[in-house]
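Working notes for the structure below.
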Amino acid sequence: MTLKGILNADIGRGTIDRNIYGHFSEHLGRCIYEGIWVGEDSAIPNTNGIRNDVVNALRQIKIPVLRWPGGCFADEYHWMDGIGPRESRKRMINTHWGGVVENNHFGTHEFMELCRQLECEPYINGNVGSGTVQEMSEWVEYLTFQGESPMSALRTANGHAEAWKVKYFGVGNENWGCGGNMRPEYYADLYRQYQTYVRNYDGNQIHRIACGPNGDDYNWMEVLMREAHRFMDSITVHYYTVPGLWENKGAATGFTEAEWFETLRKTLFMDELITRHSAIMDQFDPSKRIGLIVDEWGTWYDVEPGTVPGFLYQQNTLRDALVAGINFNIFHKHNERVRMANIAQTINVLQAVILTEGDQMILTPTYHVFDMYKVHQDAERIDLTLDGGAYSFEGQGEIPAVTSTASKDGAGKIHISLCHLNHLASAEVSIDLRGLASESLSVTGTTITADKIDAHNTFAKPDNVKPIAFTEFSIKDGVLTVSLPAMSVTTLALA
Ligand code: AHR
């Protein structure tokens with residue numbers, strides 16, 4: 001298959017917000033406890049209780065923003081249970097996720113310390129479903145108020161005299177479901193009320209985030225925008241890629257070729273979803289002041305056999321690498337509206353970038369795609385049109401064989417990323433390079449691929465799937481020709 005495209009290097013399409021490469025970490029399974037927090041007395045090397053290997057790996061991919069404490073957990077979380085001496089913190093039941101005891105050892109101070117170590121923006125999700133306006137208001141005061149006040153005094157007594165800066169604050173999570181089973185009209189009113197008391201203290205400017213729809217619930221988006229758009233800076237959407245049915249989602253490894261195809265077909269729905277939600281947002285916010293945050297995205301499979309069902313632990317294969325790349329290409333395309341996206345979830349849960357087992361840690365194929373795509377963070381998207389070709393499998397419909405994106409960074413370097421979805425054949429892509437001096441260009445490349453659709457990394461073979469240098473390209477007469485391996489994600493740098 002030969003595909004043709006045009007790159008207009010001098011036609012900019014706006015900035016690709018670095019927050020599109022954001023993460024979500026919930027008190028769920030082994031994400032926070034073991035994945036991040038091991039405690040100061042742990043034999044696992046840590047800094048202030050937070051494991052060093054994980055922090056180093058996340059810093060490498062430049063994680064820009066981290067959402068916490070949930071998820072469904074957020075609307076059951078009472079932040080005051082997670083401050084003060086750890087040994088006397090309240091022990092609660094994590095009802096959503098396995099019914100395990102939550103000892104609250106990882107709370108506000110620990111989360112802010114994690115963000116400090118990661119050098120990322122904290123994104124805190126407040127409790128609307130079972131929390132009060134006062135509780136939310138006091139959390140913001142505790143976090144950000146520097147002067148004399150009850151919450152500032154409490155924070156100082158707990159060892160942190162200096163107020164933190166917190167930019168992103170979510171007012172409830174999935175309030176259409178686990179966050180209170182509300183109707184959009186009711187939540188819109190509550191949103192207006194709660195956000196009133198999310199104050200900007202001492203120059204800290206909070207970006208207020210409203211809970212948006214479940215996938216394609218366009219009515220929820222319309223009601224929220226109509227009733228509350230004046231009071232929000234962003235609104236969220238959650239969409240998971242589930243290859244099968246909710247009751248039988250499909251396995252993370254050992255899946256069929258048909259499931260490979262179906263997973264990629266379903267993840268491509270993200271494009272339609274964003275297009276339609278954006279059209280509704282445009283009616284109420286034509287100037288695009290309000291951002292659309294893809295707050296939870298990624299694959300959701302059946303849990304690994306023998307693991308706790310409520311812990312949502314799943315392996316991560318080359319298929320997940322494709323899902324990540326395809327979604328990034330879609331988010332870039334919608335960069336005017338999509339200003340943040342948070343993969344669910346960072347470690348040991350759903351489409352994780354890192355898996356841990358005791359003191360061991362492995363990087364997943366998804367991690368490697370985050371690493372390969374970090375060059376697009378805060379770069380200018382440039383105009384790349386590509387005939388994506390067609391890929392079909394055993395009568396399951398037709399999807400593009402290749403999806404793509406391109407950007408120019410601050411130093412003028414151009415990056416092109418290409419996802420080749422077809423698992424059976426290679427593809428040749430010819431891109432007409434316009435708006436740049438192609439004679440003097442030097443090109444380098446990286447690709448991630450494998451010989452099996454479910455290739456993955458294990459603790460015994462941590463480097464089974466990883467990016468390798470890519471050289472299957474040439475430039476002649478201003479045309480860049482690339483030979484893409486079957487089922488691969490490739491990034492090229494042109495300088
Ligand atoms: O990411 C797992 C769960 O999925 C989150 O807690 C919830 O917001 C969503 O339903």
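Val54 approaches Ile347 most closely through the heavy-atom pair CG1-CD1, 3.3 Å. Taking all atoms of both residues into account, the shortest heavy-atom contact from Met361 to Ala57 is CE-CB, 4.0 Å. Between Gly70 and Asn125, the closest heavy-atom pair is O-CB, 3.3 Å. In terms of heavy-atom proximity, His420 sits nearest to Ser426 at CE1-C, 3.7 Å. Contact between Val369 and Gly325 at its shortest, heavy atoms only, is CG1-N, 3.8 Å. Of all the heavy atoms in Ala390 and Met1, the pair that sits closest is O-CE, 3.0 Å.
Residue pairs meeting the side chain to side chain donor-acceptor pair (under 3.5 Å) criterion with at least one member in residues 216-232: none, sequence neighbours excluded. Listed by first then second residue, pairs satisfying side chain to side chain donor-acceptor pair (under 3.5 Å) with a partner in residues 273-282 read Glu272-Arg276, Asp282-Lys288, Asp282-Arg337, not counting sequence neighbours.
Between Tyr191 and Tyr187, the ring-plane angle classifies as tilted under the 30° and 60° cut-offs. By the 30° and 60° cut-offs, the orientation of the rings of Tyr33 relative to Phe106 is perpendicular.
In this structure, His23 has its ring center closer than 6.0 angstrom to the ring center of Phe370. If you look at Phe255 and Tyr301, their ring centroids are not closer than 6.0 Å. Between Tyr239 and Trp297, the gap from one ring centroid to the other reaches at least 6.0 Å. Aromatic ring centroids of Tyr123 and Phe24 lie 6.0 Å or more apart. Here the two rings, on Phe393 and His423, have centers that are under 6.0 Å apart.
A heavy-atom distance below 4.5 Å is found between the side chains of His415 and His376. By the 4.5 Å heavy-atom criterion applied to side chains, Thr446 and Ile468 are not counted as neighbours. Residues Ile16 and Gln377 form no side-chain contact, since every pair of their non-hydrogen atoms from C-beta on lies 4.5 Å or further apart. At a threshold of 4.5 Å between non-hydrogen side-chain atoms, the residues His368 and Leu363 count as touching. Looking at Asp454 and Trp260, their side chains never come closer than 4.5 Å, going by heavy atoms from C-beta outward. No side-chain heavy atom of Asp233 sits under 4.5 Å from any side-chain heavy atom of Ile209.
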>> Checking Glu121 against Tyr168 for the side-chain contact (heavy atoms from CB on, under 4.5 Å) test, could you report, in this order, the C-alpha distance in whole Å, the side-chain angles of both residues, the deciding distance, and whether it holds?
In response: CA-CA 8 Å; Glu121 291 283 353; Tyr168 299 104; 4.1 Å; yes

> Please walk me through it: do Met340 and Val294 pass side-chain contact (heavy atoms from CB on, under 4.5 Å)?
Replying inline: CA-CA 6 Å; Met340 188 194 290; Val294 188; over 6 Å; no

>> Apply side-chain contact (heavy atoms from CB on, under 4.5 Å) to residues His456 and Asn464 and explain how you reach the verdict.
In response: CA-CA 6 Å; His456 56 277; Asn464 194 36; 5.8 Å; no

> For Asp17 and Asn335, what are the C-alpha separation, side-chain angles and deciding distance, and is it a side-chain contact (heavy atoms from CB on, under 4.5 Å)?
Replying inline: CA-CA 7 Å; Asp17 199 311; Asn335 61 335; over 6 Å; no

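Here OG of Ser234 is found 8.0 Å from CD1 of Ile290. Values are rounded to the nearest 0.5 Å. Distance check: Glu394 CD to Thr256 OG1 gives 8.5 Å after rounding to the nearest 0.5 Å. Distance check, rounded to the nearest 0.5 Å: CD1 of Ile32 to CG of Leu114 gives 7.5 Å. In this structure, Leu268 CG and Arg265 CZ are separated by 9.0 Å, a value rounded to the nearest 0.5 Å. Note that the CG atom of Leu386 and the OG1 atom of Thr403 stand 9.0 Å from one another [nearest 0.5 Å]. Separation of atoms CG (Leu436) and CG (Leu441) is listed at 5.0 Å; rounding is to 0.5 Å.
Counting only N and O atoms by type, the side chains of Asn56 and Arg51 include no donor and acceptor under 3.5 Å apart. Side chains of Asn342 and Tyr21: no donor on one and acceptor on the other come within 3.5 Å. A donor-acceptor pair shorter than 3.5 Å cannot be found between the side chains of Glu398 and Tyr391. For the residue pair Thr366 and Asp320, no side-chain donor N or O sits within less than 3.5 Å of a side-chain acceptor on the partner.
At most 12 heavy atoms of other shown residues, nucleotides or ligands fall within 6.0 angstrom of atom CD in Glu336. Surrounding NZ of Lys165 are more than 12 heavy atoms belonging to other residues, nucleotides or ligands, all under 6.0 Å away. Enclosure of atom CZ in Arg30 by more than 12 non-hydrogen atoms of other residues, nucleotides or ligands within 6.0 angstrom is indicated.
With hydrogens and angles disregarded, a donor-acceptor distance shorter than 3.5 Å links the side chain of Lys249 to the backbone of Trp246. In this structure a side-chain-to-backbone donor-acceptor pair under 3.5 Å is missing from Asn422 to Ala401. Judged purely by atom type and a 3.5 angstrom limit, Asp387 has no side-chain atom pairing as donor or acceptor with the backbone of Leu3. Between the side chain of Asn457 and the backbone N or O of Thr364 there is no donor-acceptor pair closer than 3.5 Å. Side-chain atoms of Glu26 come within 3.5 Å of backbone N or O of Phe73 as a donor-acceptor pair. Without hydrogens or angle criteria, Asp302 side chain to Ala252 main chain gives no donor-acceptor distance under 3.5 Å. A donor-acceptor contact shorter than 3.5 Å is absent between the side chain of Asp295 and the backbone of His238. The backbone N or O of Ser407 lies less than 3.5 Å from no partner atom in the side chain of Arg381, so there is not a single donor-acceptor pair. In this structure, the side chain of Asp409 engages the main chain of Gly412 through a donor-acceptor pair within 3.5 Å. Panel note: side chain Asp383, backbone Ile11; no donor-acceptor pair is recorded below 3.5 Å.
Under 4.0 Å is where a charged nitrogen must lie from a carboxylate oxygen, and between Lys461 and Asp463 no such pair does. At a threshold of 4.0 Å, the pair Arg13-Glu380 does not count as salt-bridged, since none of the basic side-chain nitrogens sits closer than that to a carboxylate oxygen. For Asp378 and Arg18, the salt-bridge test passes: some basic side-chain N is under 4.0 Å from an acidic carboxylate O. The pair Arg319-Glu259 does not meet the salt-bridge criterion, since no charged nitrogen lies less than 4.0 angstrom from a carboxylate oxygen.
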Show the atom names and distances, to 0.1 Å, of all donor-acceptor pairs under 3.5 Å that link a side chain in residues 478-495 to residues at least two apart or in another chain.
from, atom 1, to, atom 2, distance (Å)
Ser488, OG, Pro485, O, 2.8
Thr490, OG1, Thr447, OG1, 2.8
Thr491, OG1, Ser417, OG, 2.8

Using a 3.5 Å cut-off and no angle test, enumerate the donor-acceptor pairs between side-chain atoms of residues 352-360 and protein atoms at least two apart in sequence or in another chain.
from, atom 1, to, atom 2, distance (Å)
Thr356, OG1, Glu34, OE2, 2.9
Thr356, OG1, Asn348, ND2, 2.8

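Remark: Cys72 pairs with Cys178 by the disulfide bond (SG atoms under 2.5 Å apart) rule, at least two apart or across chains. With sequence neighbours left out, the side-chain contact (heavy atoms from CB on, under 4.5 Å) criterion links Ser287 to Asp285, Arg289.
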